[in-house]
Amino acid sequence: MLLGVEGIKKNILYGGTNQIPKFMTGSKVTFHFRTMLCNDDRTVIDDSKKVGVPMEVVFGNMFKLDVWEILFKSMRIGEVAEFWCDIIHTGMYPIVAKSLRRIAEGKDPVDWHIHTCGMANMFAYHTLGYNDLDELQKEPQPLIFVIELLKVQQPSEYDRESWALSDEEKLKAVPVLHGQGNKLYKLGRIEEAMNKYKEGLICVKNVQSKEKAWEAPWLKLEKMANTLTLNYCQCLLRLEEYYEVIEHTSDIINQHPGAIKAFYLRGKANMEVWNETEAKSDFERVLDLDPGMKKSIKKELAVLSMRMEEKREEDRLRYK
């Protein structure tokens, strides 16, 4: 047993240096790890050295595999140790491994996308996206972890990425990211603004996923998410990604049919891809919802009419 904890055995392969580091909530641990099954072949499931980069995880806030906190607390910097962990400690490993694999692939570990198909979401409840992890999730078993502890940093010693924040910290970060996005947008730095809005969205959606759909806390977060999504769409319009704008705004409209800005942005995107009927319908819906937009909508409809006339003339000459 390790430190009086049932179901863990430790074997030091290489001794570390100095004292055991101080660990607290927010401490960032940099380490290499190899995870193996407890079979005759000691089948390797994950190996950070094969990926080529050490892993980084944050104590407390993002840990779903509590046993790793226990293991790290027994190690010195530079130490390499092998730990056998019984099934009572390894049940959550497939979910944690999925996040670590996504980080290694340069993806967001919370696995939230700005647009996801409903069917894909439903399917995601049944698979982690990796066959070996799916099998391990169906039949949990003891695992062997070989860990090399490289570095421990305290919260004040590094800048934390949004996914490594607590829910409270995420919600505090959202208005900051929103404001930064707005400033960058006004400066014409559209792609940078878009990234700020996206980072804010990831924070909101991660917290919202833990709330019950359509109840008050969820709805409050939904409003924040929609505002950020529409700002993101405004950036996409500037980057001429019109079909993506139509996709995201349609998602919002399907859930919230009174979203004026969603109709307006979708109308502008439809206009850019020559969807005359759809653009006209969107602009007229804006007017229904907010008669105060009459002047702006009249201008957009005039531009739409002029552009469609120009296109018809171009088509007539082309196919003459």
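All values below come from the heavy atoms of this structure, side chains included, with hydrogens, waters and symmetry mates left out.
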Item to complete: Any chance you could measure Leu237, atom CG, to Met271, atom CE, to the nearest 0.5 Å?
Response: 9.0 Å
Worksheet item: Are any of the side-chain nitrogens in Lys220 or Glu215 under 4.0 Å away from the carboxylate oxygens of its partner?
Response: no
Practice prompt. Check each of Ile246, Ile252, Ile253 against Ser250 using the side-chain contact (heavy atoms from CB on, under 4.5 Å) test, and report the only one that passes.
Written response: Ile246
Fill in: Aromatic ring proximity Phe145/Trp84, centre distance under 6.0 Å
no
Discussion item. What I'd like to find out is whether the side chain of Lys212 reaches to under 4.5 Å of the side chain of Trp218, using heavy atoms alone.
Written reply: no
Worksheet entry | Basic-acidic side-chain contact under 4.0 Å: Glu276, Arg307 | no
Worksheet item: Between the side chains of Gln180 and Lys183, does any donor sit under 3.5 Å from an acceptor?
Response: no
Worksheet entry | Minimum side-chain heavy-atom gap Ile8-Val5 below 4.5 Å | yes
Worksheet item: Going only through I, L, V, M, F, W and Y residues with side-chain contacts under 4.5 Å, is there a path from Ile20 to Ile77?
Response: yes
Worksheet item: Under 6.0 Å from the six-membered ring centre of Tyr130 and within 45° of its axis: does the NZ or CZ of Arg101 meet both?
Response: yes
Discussion item. When you measure from the side chain of Gln154 to the backbone of Lys22, do you find a donor-acceptor pair of N or O atoms at a distance under 3.5 Å?
Written reply: yes
Worksheet item: So, for Ala193 and Gly181, which heavy atoms are closest and what is the spacing to 0.1 Å?
Response: CB-O, 3.3 Å
For residues 87-94, which side-chain N or O atoms pair as donor and acceptor with protein atoms under 3.5 Å away, sequence neighbours left out?
unit_1: His89; atom_1: NE2; unit_2: Glu6; atom_2: O; d: 2.7
unit_1: Thr90; atom_1: OG1; unit_2: Gln141; atom_2: O; d: 2.8
unit_1: Tyr93; atom_1: OH; unit_2: Thr35; atom_2: OG1; d: 2.9
unit_1: Tyr93; atom_1: OH; unit_2: Asp46; atom_2: OD2; d: 2.5

Worksheet item: Applying side-chain hydrogen bond (donor to acceptor under 3.5 Å, both in side chains), which residue pairs with at least one partner in residues 234-243 are found, sequence neighbours left out?
Response: Gln234-Lys261
Discussion item. Would you say Met55 ends up clustered with Ile144 if hydrophobic residues are merged whenever their side chains have heavy atoms under 4.5 Å apart, either directly or through other cluster members?
Written reply: no
Worksheet, complete the sentence: For Pro257 and Leu289 the tightest heavy-atom approach is O-CD1, 4.2 Å
Practice prompt. Determine the interplanar angle of the Phe72 and Phe59 rings, folded into 0 to 90°, and report it as parallel if under 30°, tilted if 30 to 60°, perpendicular if over 60°.
Written response: tilted
Item to complete: Kindly give the heavy-atom pair with the smallest separation between Lys205 and Ala225, and that separation in Å.
Response: CE-CB, 3.9 Å
Worksheet item: Hey, is Glu300 close enough to Lys268 for a salt bridge, meaning N to O under 4.0 Å?
Response: yes
Worksheet entry | Atom pair CG/CG of Leu221 and Asn206 - distance to nearest 0.5 Å | 10.5 Å
Worksheet item: Under the ring-ring contact (aromatic ring centres under 6.0 Å, His included) rule, what pairs show up with a residue in residues 253-284, not counting sequence neighbours?
Response: Trp214-His256
Practice prompt. Give a yes or no answer on whether the side chain of Asn39 reaches the backbone of Arg42 with a donor-acceptor pair at less than 3.5 Å.
Written response: yes
Worksheet entry | Residue of the set Val44, Asn11, Asp47, Leu13 for which side-chain contact (heavy atoms from CB on, under 4.5 Å) holds with Val146 | Leu13
Practice prompt. Classify the side-chain pair His248/Thr229 by whether it contains a donor and acceptor separated by less than 3.5 Å.
Written response: no
Worksheet item: Would you find more than 12 non-hydrogen atoms of other residues, nucleotides or ligands less than 6.0 Å from Lys28 atom NZ?
Response: yes
Worksheet item: Between Glu135 and Lys138, does a salt bridge (charged side-chain N to carboxylate O under 4.0 Å, His left out) hold up when you go through it step by step?
Response: CA-CA 5 Å; Glu135 288 301 314; Lys138 285 178 197 167; 3.7 Å; yes
Discussion item. If we ignore hydrogens and angles and just use 3.5 Å, is the side chain of Asp290 paired with the main-chain N or O of Val286 as donor and acceptor?
Written reply: no
